[in-house]
Protein chains: 2
Amino acid sequence: MDAPLNERSQNILEAIVEDYIHTAEPIGSRAITKRHAFDLSPATVRNVMADLEEMGFLASPHTSAGRIPTDKGYQYYVESLLQVRDLPEEFRHSLEDSSRFAGKSMEEVMQEVGNLLSGISKYTGLVMAPRFNSTIFRQIEFVRLSQGRLLVIFVSESGLIQNKVIEPGIDFSQRELESITNYLNHQLPGMTITQVRERIAVELREEKTRLNKLQKQAFELSDKALQGDVAEQVYVAGTSRMLEQPDFTSHDSMMKIMRTLESKQQLIELLDSSQSAGGVQIFIGSQSSDAKIEGCSLITAPFSGQKGAVGTLGVIGPVRMNYSQVIPIVDFTASLVGRLLDRES
Amino acid sequence: MDAPLNERSQNILEAIVEDYIHTAEPIGSRAITKRHAFDLSPATVRNVMADLEEMGFLASPHTSAGRIPTDKGYQYYVESLLQVRDLPEEFRHSLEDSSRFAGKSMEEVMQEVGNLLSGISKYTGLVMAPRFNSTIFRQIEFVRLSQGRLLVIFVSESGLIQNKVIEPGIDFSQRELESITNYLNHQLPGMTITQVRERIAVELREEKTRLNKLQKQAFELSDKALQGDVAEQVYVAGTSRMLEQPDFTSHDSMMKIMRTLESKQQLIELLDSSQSAGGVQIFIGSQSSDAKIEGCSLITAPFSGQKGAVGTLGVIGPVRMNYSQVIPIVDFTASLVGRLLDRES
DNA sequence: ATTAGCACTCAACGCGAGTGAGTGCTAATG
DNA sequence: CATTAGCACTCACTCGCGTTGAGTGCTAAT
């Protein structure tokens with residue numbers, strides 16, 4: 001929109017953003033000429049800074065303080081100036097050290113991934129597990145627990161397992177259950193759970209004529225088994241990392257953030273928005289949907305195995321976040337988890 | 001140890017504790033005579049307060065402030081003065097409204113219980129799910145997932161379900177699995193998981209002679225299935241409630257508490273200690289094991305179904321906690337969850 | 001034994017001067 | 001004409017200081 005920035009302005013903007021990310025304090029003109037070897041006097045830098053402020057990239061908390069980047073400033077920085085570093089070897093190693101994940105359940109893995117994200121990035125880690133509804137059906141099994149109580153197990157194409165106890169009116173024999181299982185495992189694979197639901201609804205509506213007793217029972221059972229939506233699972237790790245940030249020292253801002261991090265629902269909404277687009281997504285400050293996370297930036301990436309189970313993970317921190325470090329962490333972790341999902345199946 | 005308090009001293013101590021719980025500010029002699037209709041002058045109250053301070057029940061932050069209860073003061077209050085109120089109807093209703101729990105998995109139920117605890121008490125809720133290792137074995141099932149991969153399902157006597165994917169070396173046929181299942185379900189019920197583990201170890205050690213091939217395979221499979229300890233599940237709800245407390249306004253104390261609430265391990269240790277004793281337990285301030293939760297009190301109660309799965313739940317908050325309100329909440333919730341467990345089986 | 005009276009203590013609040021980092025403007029400079 | 005040196009100005013922040021008032025402890029009177 002505005003005239004593009006010339007190189008010197010870019011350099012100065014970059015310097016300010018990076019210094020501010022580092023120190024969390026307003027950056028003055030003199031500080032810049034000192035820390036960076038521009039061959040410029042403070043006065044010149046001041047002129048440039050005044051221009052940048054007018055264009056909306058910088059702001060000053062008050063007349064006699066230095067400048068801090070605005071959201072727009074961060075955006076420009078991330079989009080045009082930032083060069084993403086490679087993920088340092090050590091992090092790569094500690095992430096890839098898959099012994100951590102050996103023999104763990106899906107949940108434990110998600111939890112552990114969150115911990116790693118948080119531990120390495122020093123911010124708060126978020127992981128939204130693959131949505132059950134959009135996973136692809138592979139297998140269903142029934143286990144008799146006791147009189148009239150059945151355990152239903154769904155296995156998705158990517159190896160996710162979901163189970164549920166139901167109480168059908170009838171007490172099926174082992175043999176009946178086997179037949180039902182066989183029938184369903186022949187009919188349903190390849191569809192997503194949502195599609196399976198629809199299919200069942202259709203079958204049950206126009207049942208009467210075509211279906212035999214067994215088939216009817218099969219659909220009724222699986223209908224029961226799929227009733228009730230599965231709550232999204234969101235894992236949050238390292239919430240106290242938020243409190244470490246000098247950006248959120250005020251009691252108010254702390255509370256606001258902690259409340260948001262507690263509300264699974266709000267987190268789902270946040271993470272959902274990045275689900276569709278592939279690759280790393282960056283939401284800076286107010287740009288991120290709601291004002292729920294005022295003063296925060298969110299870096300997310302979807303992950304998926306080859307067979308489609310899709311989840312999202314990310315890191316949330318203050319707008320003054322070390323983007324160049326966090327972006328590769330999120331990126332790499334997402335692909336790592338993808339590989340992990342494939343391994344499982 | 002000391003001479004018992006006379007009635008007047010008790011009344012005044014009670015008044016101070018309750019007022020302080022209410023206001024979170026040091027209580028002065030005049031304030032007491034005003035708020036409570038003792039027929040005493042401030043001067044007399046002062047004398048009593050001086051005595052109470054000498055005995056260690058009260059302390060003054062500085063000379064010219066009022067008094068606040070010490071940990072010892074709270075303890076005396078809880079043990080001798082407090083009369084536990086009945087749980088108000090409204091809370092009882094909202095807890096018993098079991099539609100909340102209908103058709104939910106164990107985890108979701110635990111999560112929901114935590115939310116209720118926190119929501120009603122206005123403090124932070126903790127729930128430690130029944131320890132898998134001490135649950136009683138009822139049933140095992142195997143489901144073939146794909147070449148060489150098996151899903152193992154344990155069902156405990158109280159209806160808890162635990163599953164795990166294993167990869168035995170051999171690819172068992174459906175028929176073989178059925179035999180193995182039958183054999184194990186005949187051999188193992190009634191023992192705790194820990195006992196089952198020991199039994200398997202013994203059997204495998206002195207195998208050679210007595211066991212036929214099937215039996216040997218059965219034990220090897222279940223050995224694999226039980227390898228690796230199951231991590232304790234702890235659910236924390238309403239952490240931000242901690243930040244609401246005026247007791248923890250300092251940045252330091254906030255961080256300390258949030259860190260502790262994040263560390264499942266530390267929470268397990270806390271909750272574990274109350275596991276053994278039955279009924280509501282109250283840990284006040286430094287009395288609670290470690291200084292991990294400085295300035296906090298913990299009220300816990302174990303819960304268990306008739307068939308033995310045992311967990312612990314509780315509420316954690318500042319020492320300046322509304323004991324008379326929280327104690328019945330924790331008590332009632334524990335028994336409620338116990339009933340819930342029975343219903344499941 | 002209780003209470004009124006009084007001197008004393010001390011955190012909290014408000015105020016004003018001093019400090020210094022940083023700015024914007026203007027005039028000099030290569 | 002862009003850059004720079006110089007300078008007056010702004011304003012958050014800190015520190016010291018007197019004031020205030022809630023609350024105490026002690027003593028003497030009831």
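By convention in this document, chain letters (A, B, ...) are assigned in the order of the sequence lines, proteins followed by strands, and residues within each chain are numbered from 1. Side-chain atoms are counted along with the backbone in the values below, which use heavy atoms only and exclude waters and symmetry mates. Predicted model, so just to flag it, every value in this text is computed and none were measured.
One finds no side-chain N or O of Thr44(A) lying less than 4.0 angstrom from the OP1 or OP2 phosphate oxygen of dT3(D). Considering only side-chain N and O atoms, Arg30(A) lies nowhere under 4.0 angstrom from the phosphate OP1 or OP2 of dT4(D). Using a 4.0 Å cut-off, no side-chain N or O of Ser64(B) falls inside it from OP1 or OP2 of dG23(D). OP1 or OP2 of dC10(C) has at least one side-chain nitrogen or oxygen of Thr63(B) nearer than 4.0 Å. Side-chain nitrogen and oxygen atoms of Arg67(A) include at least one within less than 4.0 Å of the OP1 or OP2 phosphate oxygen of dG24(C).
Taking every side-chain heavy atom of Ala50(B) into account, dG25(D) is the closest of dG25(D), dT4(D), dT3(C). Listed nucleotides: dT4(D), dT3(D), dG25(D). Nearest to the side chain of Asn47(A): dT4(D).
Judged by closest nucleotide on DNA chain C, His62(B) is the one of Ser29(A) and His62(B) placed further toward the 5' end. Ranked by how close their nearest DNA chain C nucleotide is to the 5' end, Val45(B) and Pro61(B) are led by Val45(B).
Atom CD1 in Ile32(B) sits roughly 17 Å away from atom P in dA22(D) (whole-Å rounding). What separates CE of Met49(B) from C1' of dT24(D) is a distance of 9 Å, to the nearest Å. If you take OH of Tyr20(B) and P of dG23(D), they are 14 Å apart, rounded to a whole angstrom. Taking atom CD of residue Glu25(B) and atom P of nucleotide dA11(C), one finds them 16 Å apart after rounding to whole Å. Distance Arg8(A) CZ to dT4(D) P: 8 Å, rounded to the nearest Å. We find that CD of Glu54(B) is positioned 11 Å from P of dG25(D), with the value rounded to whole Å. In this structure, Ile27(B) places its CD1 atom 10 Å from P of dT24(D), rounding to the nearest Å. Residue Leu58(B) contributes atom CG, which lies 15 Å from atom P of dG23(D) at whole-angstrom precision.
The base-pairing partner of dC9(D), taking Watson-Crick or G-U wobble contacts with both distances under 3.5 Å, is dG22(C). Nucleotide dG16(C) has dC15(D) as its partner under the Watson-Crick or G-U criteria, with both atom distances under 3.5 Å. Both distances falling under 3.5 Å, in either a Watson-Crick or a G-U wobble arrangement, place dA29(D) opposite dT2(C).
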Test log, rule side-chain hydrogen bond (donor to acceptor under 3.5 Å, both in side chains), inputs Thr44(A) and Ser41(A): CA-CA 5 Å; Thr44(A) 313; Ser41(A) 75; 3.1 Å; yes

Worked verdict on Glu53(B) versus Arg46(B) for salt bridge (Lys or Arg N to Asp or Glu O under 4.0 Å): CA-CA 10 Å; Glu53(B) 178 164 7; Arg46(B) 274 206 287 284; over 6 Å; no

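Using a 4.0 Å heavy-atom cutoff across all strands shown, Ser60(B) reaches no nucleic acid atom at all.
Below 30°, between 30° and 60°, or above 60°: for Tyr74(B) and Tyr323(B) the angle between ring planes is between 30° and 60°, a tilted geometry.
Judged by distance alone, with hydrogens and angles left aside, the side-chain atoms of Ser118(A) form a donor-acceptor pair with the main-chain N or O of Tyr123(A) at under 3.5 Å. No donor-acceptor distance shorter than 3.5 angstrom exists from the side chain of Gln10(A) to the backbone of Leu81(A), with no hydrogens or angles considered.
Residue Glu54(A) qualifies as open at atom CD: its count of foreign heavy atoms under 6.0 Å is 12 or below.
Counting atom types as modelled, Arg46(A) pairs a side-chain N or O with a base atom of dG24(C) as donor and acceptor under 3.5 Å.
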